[in-house]
2 protein chains.
Amino acid sequence: MRIHIQNHPDDANPKISLEQWRDAVARAGDWARELEVSLGSNDAEFAAGIADAKAMISAGRVVMNLLPAVPAPALELIFVTHAGVDSLAKGNYVPTGVKLLNNSGAHGVKAAEYALMAVLMLANHLPFFGDRQREGVWDRKLASSVAGRRATIVGIGAIGGAIAQWLKAFGMHVTGVRTSAEPHPHCDAVVATDDIDSVLPQTEFLVLVAPLTPRSREILNRHRIGLLPAHAGVVNIGRGELVEQEALLDALDAGKLAGAVLDVMIPEPIPPGHRLWRTRNLTLTPHMSAGDPLTYMPRSLDIFLDNLAAYRAGRALPNQVDLTRGY
Amino acid sequence: MRIHIQNHPDDANPKISLEQWRDAVARAGDWARELEVSLGSNDAEFAAGIADAKAMISAGRVVMNLLPAVPAPALELIFVTHAGVDSLAKGNYVPTGVKLLNNSGAHGVKAAEYALMAVLMLANHLPFFGDRQREGVWDRKLASSVAGRRATIVGIGAIGGAIAQWLKAFGMHVTGVRTSAEPHPHCDAVVATDDIDSVLPQTEFLVLVAPLTPRSREILNRHRIGLLPAHAGVVNIGRGELVEQEALLDALDAGKLAGAVLDVMIPEPIPPGHRLWRTRNLTLTPHMSAGDPLTYMPRSLDIFLDNLAAYRAGRALPNQVDLTRGY
C-alpha cells in the first residue's frame, strides 16, 4: 500500500520529513512496516506520487489546487494536516468515494496553551496595556485571579475540551457550547448552540474554537456581542468568519468590551493599513495558535496511522469528515 | 487588644474595609472576637489610631512616612500589605523591639497566574507580535508547546513555588534558584544562588521573583544575560533592581534574547519618552502582577490574623521579616 505525502513549498507550516514518517511508522507497530511512502514538494512530484497512491497526506490547498488536475485512480483516503476543512467541504474538492480525514487531535496541546494564555492575558488587561505601551503612557490597573470566574467555550471538540480542562484547573466555571447540550467531562455546564444567548450575559471570557460551518458562521454576531458584559473578553482561535468582525471591532473601539485576543481574522494576512491594526484593546497573532514546529507533524502522522489501522481493519475512522456537516 | 489599619489615600492598591476586617475575624474564630480595630485614611486618623495600637496594618509607605512622626508607645507588630520590604529593611524604619511581618502568601494565586501567562506569551512570541502589530506588519512565526522545555525560577518562596507548580503541570522542566540548594517539591532541580551561571545556558524561560536584597540586586547582570540562549525569554515580577536593566534592554534590542515580559522596572512609573517604551521584543505591565482587588485584602487579613494568633500563643511568627536578611 502506497501513501503519498505532499509538502507545500510556500507553506508556513512545518514540512513532513522522511525521518518523521519512519519514526511514526516505528511507533505504529509491525503492521505499518509494509507501507510504502513517496514524498513530494512540487507539482511533478505530486503527479508522480499520486498516480498509484491509496492515501495522500497534505494541506487542503494541495487537494484544491493540484489534485483536480492529475489522475489518482487508486486514491481512497485524503488526510489533511489541519483541523478546519471548511474550504474543502464547500468546494466539492473530494472525489466521489474518497474519504476525507481531518487532523483533529493534533492541535489540542499547543492550542489549549494558547487559549489559556489568551484568557489570562484578558484577565490581566494585556490588550489594554499593549495600547498604553504603544502610547508610552503608564496607567496602572489591577486585575483579579481567574479562579471562580466564568468562561464559555464555543466548540468543545478535541481542542475545546483541552481548553476546558485547563480552565477548570484554574478554578474557573466553564460552560461549553455545542450542537447538542450533552454533558462534557470538563465543563460545568453545556448548552446547545441555539441557546447561546442565555449564557452570554454571565460570560466573562468567551473562547471561540468551533469549526466553520454554515451554522457557525458569524455565530458571534452584533446582537450577541451586545449581550456580553462590558468587562468581558473574546478569544478566537477557530476561524475569522465565526465573528461578525466589524461589530467586534466597533465594540472594542467603543469600550463596550474589555478586550480581545484574535489568532484568526478576516482577511489573513491582514493587509497594511487595515482597521484591525488600529483597533483598541485588541491583541493580534498571525494564525499560529495551533501549529507546533516540534511536535505538530509527528502527532499528525500518528493520527493518520491510527486512522489507517482502523481503515484496514474495517472499523469506523475516528477522523473522518462528514462532508455534508462540514467537520 | 487594639489593631490600627491605615489605608493610603493615593494608593492604587485596594483599600481594606471594615466589612473585610469583620469577615476575616469571623473566619479566624472565637479568639479574634475581642480584637478592637480602628481604620484610618489620613494623617490625623493615623495619629489617633496608632496612639494605643498594639499592631498596625498598612503599606510600607505609611511606616516610612507617617510612623516616625507620631508616638506609638504600645506598638509591637507591624504588618505590611505587600511581600517586598526592601525599602523598610534598608532605611531602619522599624522601631526597636517591634516585629515586622510581610504579606508573603497573599500573592501566590494571582502572581503565579501572571507568571504562567508571561511564560506562555514568551513561548508564543507575543512580545515579537506586539511589535509587528504596532508596525502593522503580518509576520507569521510558529511556536512550540512549553511541554518538555526548561524554565528557571529565581526565588522559590511562596510565589516562586506556586509558579513552579503550574509550570510542572504544563510538563516543563523546572529549576529553582535559592540561597541554599535544598530540594523543592515542585522543582526538578534546585541550585544555590552562587551556581546560577551553570543553569543559564540551558534556560529557555527565566522567571525572576526573588526578594530584593544586597545579594539579589542585579542578580541578572550583563554577564549572565550573555549566558542565556538567544531564544530565551525573561520574566520579572520581583523588583526592577533584580536586573541590570540597560544590559537587558541592549540584549533585547540586539536580538540576543527572544523577549521579555516585565511587570517591574526602573523607574516606576516609567516616564514618557523612556527607552523602555521603545525597546524591541518587550511587553510591559505596570506593576500589577500580584495585586488582586477581589481577593487580595481578604487573604492579607487572614495572614495577619494567623500571625497574631501565633504571637498571642508565643509561637514563631510565620511572616516575620529578618531585617538583617531583608526578607
Side-chain angles (χ1 to χ4, degrees), chain A residues 12-14 109-114 116-121 123-126 129-130 132-149 166 169-171 261 263 268-274 276-278 282-296, chain B residues 12-14 109-114 116-121 123-126 129-130 132-149 166 169-171 261 263 268-274 276-278 282-296:
Chain A
N13 287 313
V109 173
K110 174 66 181 62
E113 287 180 9
Y114 180 100
L116 173 69
M117 170 197 81
V119 168
L120 292 173
M121 284 177 67
N124 281 284
H125 317 307
L126 266 285
F129 292 137
R132 299 297 81 74
Q133 183 171 354
R134 201 177 308 196
E135 298 162 354
V137 171
W138 179 274
D139 189 359
R140 194 165 184 237
K141 191 163 153 173
L142 292 179
S144 290
S145 160
V146 295
R149 299 171 70 188
W166 276 126
F170 281 81
V261 177
D263 186 49
E268 297 172 20
I270 308 171
H274 192 281
L276 278 160
W277 296 123
R278 309 182 302 274
L282 174 61
T283 295
L284 299 168
T285 59
H287 201 144
M288 47 65 72
S289 61
D292 181 336
L294 293 180
T295 65
Y296 186 79
Chain B
N13 287 312
V109 173
K110 173 66 181 63
E113 286 179 10
Y114 180 100
L116 173 70
M117 170 198 80
V119 167
L120 292 172
M121 285 176 67
N124 281 285
H125 317 308
L126 265 286
F129 292 137
R132 298 298 81 73
Q133 185 171 352
R134 201 176 310 198
E135 297 160 356
V137 171
W138 180 274
D139 188 359
R140 194 164 183 238
K141 191 165 153 174
L142 292 179
S144 289
S145 159
V146 295
R149 299 172 71 188
W166 275 126
F170 281 81
V261 177
D263 186 50
E268 295 171 22
I270 307 171
H274 192 281
L276 279 160
W277 295 123
R278 310 182 301 273
L282 174 61
T283 294
L284 299 168
T285 59
H287 201 144
M288 47 64 74
S289 61
D292 181 335
L294 293 180
T295 65
Y296 186 79

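Atom set for the values below is all heavy atoms of this structure, side chains included, hydrogens, waters and symmetry mates excluded.
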With chain A, which of B:Pro271, B:Ala143, B:Ala147, B:Pro293 has the greatest number of heavy-atom pairs at distances under 4.5 Å?
B:Ala143
Pairs of heavy atoms under 4.5 Å with chain A: top-ranked of B:Gln133, B:Glu268, B:His274:
B:Gln133
What is the minimum heavy-atom distance between [X] and [Y], and which atoms define it?
X: B:Ser145; Y: A:Asp292; result: N-OD2, 2.8 Å
X: A:Trp277; Y: B:Arg132; result: CZ3-O, 4.1 Å
X: B:Arg134; Y: A:Arg134; result: CG-CG, 3.7 Å
X: B:Trp138; Y: A:Pro286; result: CH2-CA, 3.5 Å

Measure from the side-chain N and O atoms of B:Glu113 to the backbone N and O of A:Phe170, and report whether any donor-acceptor pair falls under 3.5 Å.
no
Taking the side chain from A:Arg140 and the backbone from B:His287, do they hold a donor-acceptor pair closer than 3.5 Å?
yes
Kindly compute the distance separating CG (A:Leu294) from CZ (B:Arg149), expressed to the nearest 0.5 Å.
7.0 Å
Select one option (side chain, backbone, both, neither) describing which atoms of [X] are under 4.5 Å from chain B's heavy atoms.
X: A:Thr295; answer: neither
X: A:Arg278; answer: neither
X: A:Val119; answer: neither
X: A:Ala169; answer: both

In sequence, state the C-alpha distance, the side-chain angles, and the governing distance for A:Asn124 and B:Thr285, and then conclude on side-chain contact (heavy atoms from CB on, under 4.5 Å).
CA-CA 9 Å; A:Asn124 281 284; B:Thr285 59; over 6 Å; no
After noting the C-alpha distance and the side-chain angles of A:Met121 and B:Met117, does the key distance pass the side-chain contact (heavy atoms from CB on, under 4.5 Å) rule?
CA-CA 7 Å; A:Met121 284 177 67; B:Met117 170 198 80; 3.9 Å; yes
A:Thr283 versus B:Leu126: any side-chain heavy-atom pair under 4.5 Å?
yes
